[in-house]
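To keep things clear, I will list the structure first and then write my remarks on it.
Per chain, numbering begins at 1; letters A, B, ... match sequence-line order. As a basis for the values below, the full set of heavy atoms in this structure was taken, side chains included, without hydrogen atoms, waters or symmetry mates. Everything numeric in this text was worked out from a predicted model, so none of it was measured.
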Number of protein chains: 4
Amino acid sequence: MSKGKVLLAYSGGLDTSCILKWLLEEGYEVMAYIADLGQEEDFEAAREKAIQIGASKVFVEDLRKEIVEEVIFPTVQANAIYENVYLLGTSIARPVIARKQIEIAKREGCQFVSHGCTGKGNDQVRFELAYRTLMPTIEVIAPWREPRFYQRFAGRADLLKYAAENGIPVSQTPSKPWSTDENIYHISYEAGILEDPNVTPPKDMWKLIVDPELAPNTPELITITFKEGVPVRVVNEGDKTEVTEPLELFMYLNTVARRNGIGRIDIVENRFIGIKSRGCYETPGGTILRKAHMDLEGLTMDREVRAYRDEHVSLQFGKQLYNGLYFSPECQLVRSIIPLTQTTVNGVVRLKLYKGNVDVLGRYSDTEKLYDMDESSMDVQGGFEPVDSEGFIRIQSIRLKKWGAGLN
Amino acid sequence: MSKGKVLLAYSGGLDTSCILKWLLEEGYEVMAYIADLGQEEDFEAAREKAIQIGASKVFVEDLRKEIVEEVIFPTVQANAIYENVYLLGTSIARPVIARKQIEIAKREGCQFVSHGCTGKGNDQVRFELAYRTLMPTIEVIAPWREPRFYQRFAGRADLLKYAAENGIPVSQTPSKPWSTDENIYHISYEAGILEDPNVTPPKDMWKLIVDPELAPNTPELITITFKEGVPVRVVNEGDKTEVTEPLELFMYLNTVARRNGIGRIDIVENRFIGIKSRGCYETPGGTILRKAHMDLEGLTMDREVRAYRDEHVSLQFGKQLYNGLYFSPECQLVRSIIPLTQTTVNGVVRLKLYKGNVDVLGRYSDTEKLYDMDESSMDVQGGFEPVDSEGFIRIQSIRLKKWGAGLN
Amino acid sequence: MSKGKVLLAYSGGLDTSCILKWLLEEGYEVMAYIADLGQEEDFEAAREKAIQIGASKVFVEDLRKEIVEEVIFPTVQANAIYENVYLLGTSIARPVIARKQIEIAKREGCQFVSHGCTGKGNDQVRFELAYRTLMPTIEVIAPWREPRFYQRFAGRADLLKYAAENGIPVSQTPSKPWSTDENIYHISYEAGILEDPNVTPPKDMWKLIVDPELAPNTPELITITFKEGVPVRVVNEGDKTEVTEPLELFMYLNTVARRNGIGRIDIVENRFIGIKSRGCYETPGGTILRKAHMDLEGLTMDREVRAYRDEHVSLQFGKQLYNGLYFSPECQLVRSIIPLTQTTVNGVVRLKLYKGNVDVLGRYSDTEKLYDMDESSMDVQGGFEPVDSEGFIRIQSIRLKKWGAGLN
Amino acid sequence: MSKGKVLLAYSGGLDTSCILKWLLEEGYEVMAYIADLGQEEDFEAAREKAIQIGASKVFVEDLRKEIVEEVIFPTVQANAIYENVYLLGTSIARPVIARKQIEIAKREGCQFVSHGCTGKGNDQVRFELAYRTLMPTIEVIAPWREPRFYQRFAGRADLLKYAAENGIPVSQTPSKPWSTDENIYHISYEAGILEDPNVTPPKDMWKLIVDPELAPNTPELITITFKEGVPVRVVNEGDKTEVTEPLELFMYLNTVARRNGIGRIDIVENRFIGIKSRGCYETPGGTILRKAHMDLEGLTMDREVRAYRDEHVSLQFGKQLYNGLYFSPECQLVRSIIPLTQTTVNGVVRLKLYKGNVDVLGRYSDTEKLYDMDESSMDVQGGFEPVDSEGFIRIQSIRLKKWGAGLN
């Protein structure tokens with residue numbers, strides 16, 4: 001008799017294939033859930049493999065649009081970033097994956113969900129915090145934290161042996177000396193030879209983005225239009241390509257960024273569980289969007305609204321996303337705040353893309369009037385009397401003079 | 001009889017030369033104070049010009065070392081930035097200029113200090129808040145805020161006429177359609193044709209940094225060593241140039257950055273007085289340092305110390321510098337905090353410079369051990385039991401499950 | 001011919017009566033605007049006095065309900081406070097006064113608004129920032145900052161003389177050695193003998209709240225019900241008085257607080273213009289509400305939502321209110337955030353009022369379930385396995401052990 | 001053969017006595033560590049009891065002075081508080097207890113430390129994070145998280161039975177329907193009948209502080225002198241008692257607060273592990289100190305330094321203390337910052353204590369001059385020109401007028 005139904009997040013790779021088989025052996029009915037995040041993968045092959053191994057059902061779900069609209073765009077609006085440098089590429093996919101997994105688990109009457117994350121990483125936390133918020137009664141099976149599992153499969157050799165014994169087909173591609181995680185927003189490289197933070201990754205590791213040294217010698221000019229901080233139109237000023245539908249727009253930005261060498265980083269970050277970790281990341285379109293959005297905010301956002309957002313929203317949302325708290329009440333709050341900060345972020349940014357650089361050539365807004373050329377002008381005595389600055393400075397000085405008097 | 005002694009911050013240019021003359025006309029004794037900030041300028045010519053116009057004394061002060069050591073390096077340690085993008089290039093020079101001006105004013109028994117800043121900008125605020133904190137009894141003469149002055153000199157033509165009438169020599173260089181401010185850290189371009197934020201600056205505006213498109217096709221490799229967050233050694237891995245003395249080190253970074261097209265930005269920012277302003281900036285060495293320092297922090301800083309610094313120091317110090325509050329009690333506090341956050345930021349960062357890009361190739365530290373390859377490794381079951389993560393996640397979930405139960 | 005129409009914020013007192021007359025002398029048409037904020041005052045007498053002096057129109061506006069619902073309740077929801085101690089009693093009235101003044105000024109076609117605030121206080125800033133945000137084209141006449149006015153009226157004697165000469169009736173009540181400002185929320189005492197911060201105010205200064213030493217010897221028990229952080233019902237457990245309408249509810253809390261000696265403070269605060277100032281304040285009902293609301297949040301709010309609100313909303317809203325920025329874009333943002341934090345703050349708090357003390361006797365919520373007696377219980381092994389705490393602590397320790405290892 | 005040496009934090013109570021015996025049974029050598037925190041307890045009786053049960057050594061350590069000087073005073077300086085209401089009474093003792101325990105464990109060559117905390121509370125976390133930071137190699141035995149232990153001792157009856165069987169003497173005092181934790185700073189009551197947050201605690205629960213209703217009818221006046229934010233002198237203005245030595249001073253404040261009914265609270269708080277918990281606390285002297293210190297800051301601290309401390313230190317230190325992170329690098333940083341904020345907090349506060357109230361009667365400072373009566377005065381036209389305020393407001397309005405123009 002079955003111990004119950006498990007919905008396993010399945011990739012088609014060696015690990016989750018072995019987990020699928022092992023869960024069956026353990027006496028569960030197993031359904032496989034394959035998420036199309038925009039990664040390069042043969043989803044149909046994965047579906048068939050899952051069935052062949054013994055999955056009672058397989059669900060392949062295209063989550064790209066939700067990821068772009070519900071997570072990437074708010075991340076852009078918030079200028080969210082983790083530890084100053086990481087654009088949160090892995091994090092952004094997790095909430096959408098978990099939400100769909102729980103939706104299917106509920107619908108199919110599963111008592112368990114399972115995943116192939118290790119016990120040392122962030123993703124176990126991200127998935128499970130999401131699962132439990134969305135369905136507090138769900139049970140989670142995390143084989144890489146189960147002694148019965150991880151003691152049996154101590155290394156890749158054990159998995160390969162188990163696959164061979166159980167007729168699980170294994171990709172003939174030789175394993176790379178690092179691991180990757182890919183979605184529509186980014187690809188990550190970590191582990192293996194990258195664990196020494198002083199080892200420069202080999203040139204052929206980078207997969208999405210062309211080496212800046214090999215990118216075209218001629219810049220490419222694009223224009224991005226934002227509405228309330230969300231990109232709504234991209235035009236290539238060279239070939240006049242124009243895209244407006246969110247998913248298409250984002251994929252187009254990926255395309256132009258990739259060919260111009262834009263979006264690679266190599267960092268050491270702090271995982272939620274308190275371990276430092278080295279990662280290399282490629283985030284092509286996201287890198288352009290961040291630059292363009294931030295620039296337009298300069299033109300269109302009130303200073304203090306921007307300062308509030310920078311101090312009280314950007315860092316917080318970045319940390320929440322990184323730590324897997326997307327569905328938490330505090331992140332729900334922050335996600336409600338983000339659009340309130342973006343009502344004036346309307347306008348157009350003109351960009352030059354060239355060998356890894358995203359340069360702003362200019363920006364304008366037809367609707368927002370916080371920028372005033374006359375007022376700004378050093379040549380025009382307009383907008384206010386110079387004597388007002390005198391008073392402004394004198395009043396600011398009251399406190400400082402008192403302080404200074406005590407020092408002297 | 002003299003109305004008293006004025007120490008005028010003097011540049012040798014048209015504006016401050018006319019101000020010098022005008023102050024004399026108004027009945028003051030005027031001394032000229034020329035600050036060598038590392039800008040391209042003939043200080044001896046300026047000295048002679050001041051004397052010729054009628055300055056009773058002239059002081060030429062080399063402030064470069066103080067700027068680098070006392071302001072730029074703390075700015076790097078703090079990762080300080082204004083509105084996400086501006087490296088504070090103009091701001092960093094102001095406190096040092098004002099401090100020396102007050103020091104001389106006290107020594108020379110001046111009752112007044114004067115400057116040539118306009119009534120619409122940040123610099124008037126920066127200078128005067130510094131003056132008044134350091135010497136609460138000092139009086140400030142700001143001619144561009146004095147109706148007697150600015151009504152008389154309504155435009156450049158009036159100044160030129162006044163100069164001609166008073167035998168003030170005027171540079172034959174034709175005036176550019178923008179204004180600049182240069183120091184060892186950066187150069188700024190604003191006003192004139194740049195006041196339309198959608199006008200792309202002409203290629204020949206940029207003065208310090210080579211156009212990335214014209215930079216060498218071969219990357220340059222350098223290595224920077226930090227001690228407590230301060231750069232102490234730069235080595236060029238190509239020609240083995242090595243620099244360690246702070247001022248020399250910083251100027252060397254400027255040199256390599258400039259030739260590799262690194263450090264240009266074009267932004268719209270919010271001035272302290274509440275006006276939006278468009279500025280283009282070149283910050284060569286500072287751009288490299290920021291990137292390298294931030295990277296090393298990933299390897300060597302505790303996560304929560306870094307998060308504290310990011311939330312409670314970086315933004316604050318950036319804003320204080322921008323708003324001219326360097327000598328304020330709150331900035332004095334923040335400046336005391338900065339080094340406390342940097343005790344572990346010791347190590348080496350390896351960089352590749354290429355056509356506007358600063359890429360990290362690797363980093364290491366011989367002394368800091370917060371990064372642990374075994375612990376970090378996805379392949380090694382070391383450091384802790386996987387079951388611990390189970391508990392970690394389960395405890396984090398308690399609160400979220402309660403929340404989720406209320407939602408469902 | 002008239003210089004234009006002025007709408008003067010008029011109190012009926014000596015200062016604004018003289019200002020009214022002076023504005024007429026200066027050639028303006030003057031309308032008087034009298035705001036009923038809940039202060040003890042004969043508004044009809046003030047109306048007649050204004051007309052007698054020469055006001056072309058007089059508007060008496062009851063603003064109490066707006067103050068309670070639009071400013072006091074959000075302040076309670078946000079637990080807003082200034083410098084840890086000041087409940088913002090003067091500040092909360094200002095936006096509502098200014099908004100109505102501008103509304104009338106627009107309707108009546110006034111080109112000017114005027115007020116009787118001094119040039120050293122906060123209120124001039126609060127009124128004028130509000131005026132200019134709500135009607136950027138309005139001109140402000142602030143006589144106490146006009147040399148023509150303040151040089152003529154150097155002291156109270158000059159005003160009395162002017163009043164006598166112009167037939168302006170003056171109250172026979174002898175002037176007190178401090179000044180007061182009263183509204184439905186509070187009364188303030190400052191200036192005069194209070195300017196020495198070590199002078200204990202005389203017992204008969206305090207006007208609203210009974211001296212705790214003279215308050216009843218028997219406690220009074222009340223119960224407050226909150227809905228989304230807003231008080232919706234107060235019941236006196238003694239005499240069963242019950243109030244639910246917002247204005248009535250708030251006035252009832254004032255009544256019970258006043259008779260039980262609740263709500264007096266004596267502080268030194270920092271004004272917006274950088275001057276320190278000593279003030280004594282009575283805030284009866286507001287003191288009870290703050291205590292009760294904060295208590296209920298303990299029971300009903302998620303920990304991290306509360307922490308977010310404490311760090312990113314309470315301090316900010318308090319400062320914005322104090323500095324007169326209620327209508328600023330950043331305060332508009334914060335005011336939109338406040339209710340988003342309060343969705344779960346539903347329930348009842350039981351209080352004991354006794355000689356200056358507000359003690360919580362208990363609290364409950366019929367709808368919110370974040371508090372769970374079994375989970376909380378030290379006696380019940382429910383909710384989670386003790387071993388989970390083990391993992392939680394061990395994972396938290398990873399980072400700390402690394403740190404500790406470096407220290408030892 | 002012994003499994004090793006354990007240093008057990010021992011209270012003399014039923015739980016830790018049974019744990020001591022059980023550890024012996026398990027094969028460890030056990031030493032007992034008794035911390036004198038200022039709680040009411042017969043330490044010598046506890047010592048003998050530990051020896052009688054079988055401890056190989058017993059250490060009784062007086063930690064009161066360290067708690068007062070190293071934790072309570074910095075908490076006062078920082079105005080630290082948890083969730084607006086909790087003065088951190090339990091938290092403040094934990095770091096000092098753990099530090100001494102580790103110090104002894106190292107000296108005595110123990111491989112293990114042990115404590116009697118449950119698996120649901122904060123204290124397990126506080127102790128263990130401290131242990132592991134201070135001695136990363138130490139092993140912790142937490143019996144209440146060990147199934148072998150907690151399954152055997154499911155309730156108090158099992159412990160009593162075990163005690164009887166093993167000749168462990170048990171106090172004849174009947175158990176109370178709540179548990180308490182006491183130290184020199186406070187006593188806490190929780191669990192048992194208090195787990196229903198709407199149950200009003202019985203009057204006889206409160207142990208330290210007299211019921212305000214029963215406190216003297218005559219106020220008591222005291223004066224506290226602070227030096228850099230630390231209390232250095234307390235004088236009773238009635239009987240002229242004067243205390244200056246830190247421990248004595250703090251205990252004297254406890255005495256006067258206790259007899260005047262000062263320092264009781266009843267709250268629901270959020271534990272670190274995410275569970276809500278109801279607690280009643282008595283914090284007599286600490287309540288007076290907080291009020292007095294905060295008041296003096298108004299007089300003596302620069303506005304922006306205070307604002308910085310409120311935003312970036314108080315909340316953070318409160319949370320770190322509550323969560324047991326006293327020895328963490330981030331708390332070490334914050335503890336270094338606290339005194340930097342307090343250099344000007346020098347002066348005297350005069351207080352009236354009466355039936356639960358702490359009222360400020362006045363304050364002064366002989367050394368700090370940030371408060372300036374003339375400048376503050378509404379009657380004196382000193383310090384600055386009124387027209388300066390005009391400019392101050394006009395400049396602040398520039399941004400707001402632009403915003404307002406967009407709204408209208």
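Taking B/Asp123 as the reference, B/Arg94, B/Arg126 meet the salt bridge (charged side-chain N to carboxylate O under 4.0 Å, His left out) condition, with sequence neighbours excluded. Under the salt bridge (charged side-chain N to carboxylate O under 4.0 Å, His left out) criterion, B/Lys3 pairs with B/Glu26, sequence neighbours left out.
Remark: C/Phe392 CZ to B/Ser397 OG distance equals 11.0 Å, nearest 0.5 Å. Distance CD1/B/Ile393 to CD1/C/Ile395: 8.0 Å, rounded to 0.5 Å.
When heavy atoms are compared at a cutoff of 4.5 Å, C/Glu368 does not approach chain B at all. Of the atoms belonging to B/Thr367, not a single heavy atom falls under 4.5 Å from chain C.
Between chain C and the residues B/Arg394, B/Gln396, B/Arg399, B/Lys369, the most heavy-atom pairs under 4.5 angstrom are made by B/Arg399.
Residue pairs meeting the salt bridge (Lys or Arg N to Asp or Glu O under 4.0 Å) criterion with at least one partner in residues 314-325 of chain B, sequence neighbours excluded, do not occur; the list is empty.
Nearest approach of C/Thr344 to B/Trp403, heavy atoms of both residues: CG2-CZ3, 3.9 Å. Of all non-hydrogen atoms in B/Leu370 and C/Lys402, the two that sit nearest each other are O-CD, 3.7 Å.
The interface of residues 293-303 of chain B with chain C, defined by heavy-atom distances below 4.5 Å, comprises B/Asp302, B/Arg303.
Between C/Glu390 and B/Glu390 the shortest side-chain heavy-atom distance does not fall below 4.5 Å.
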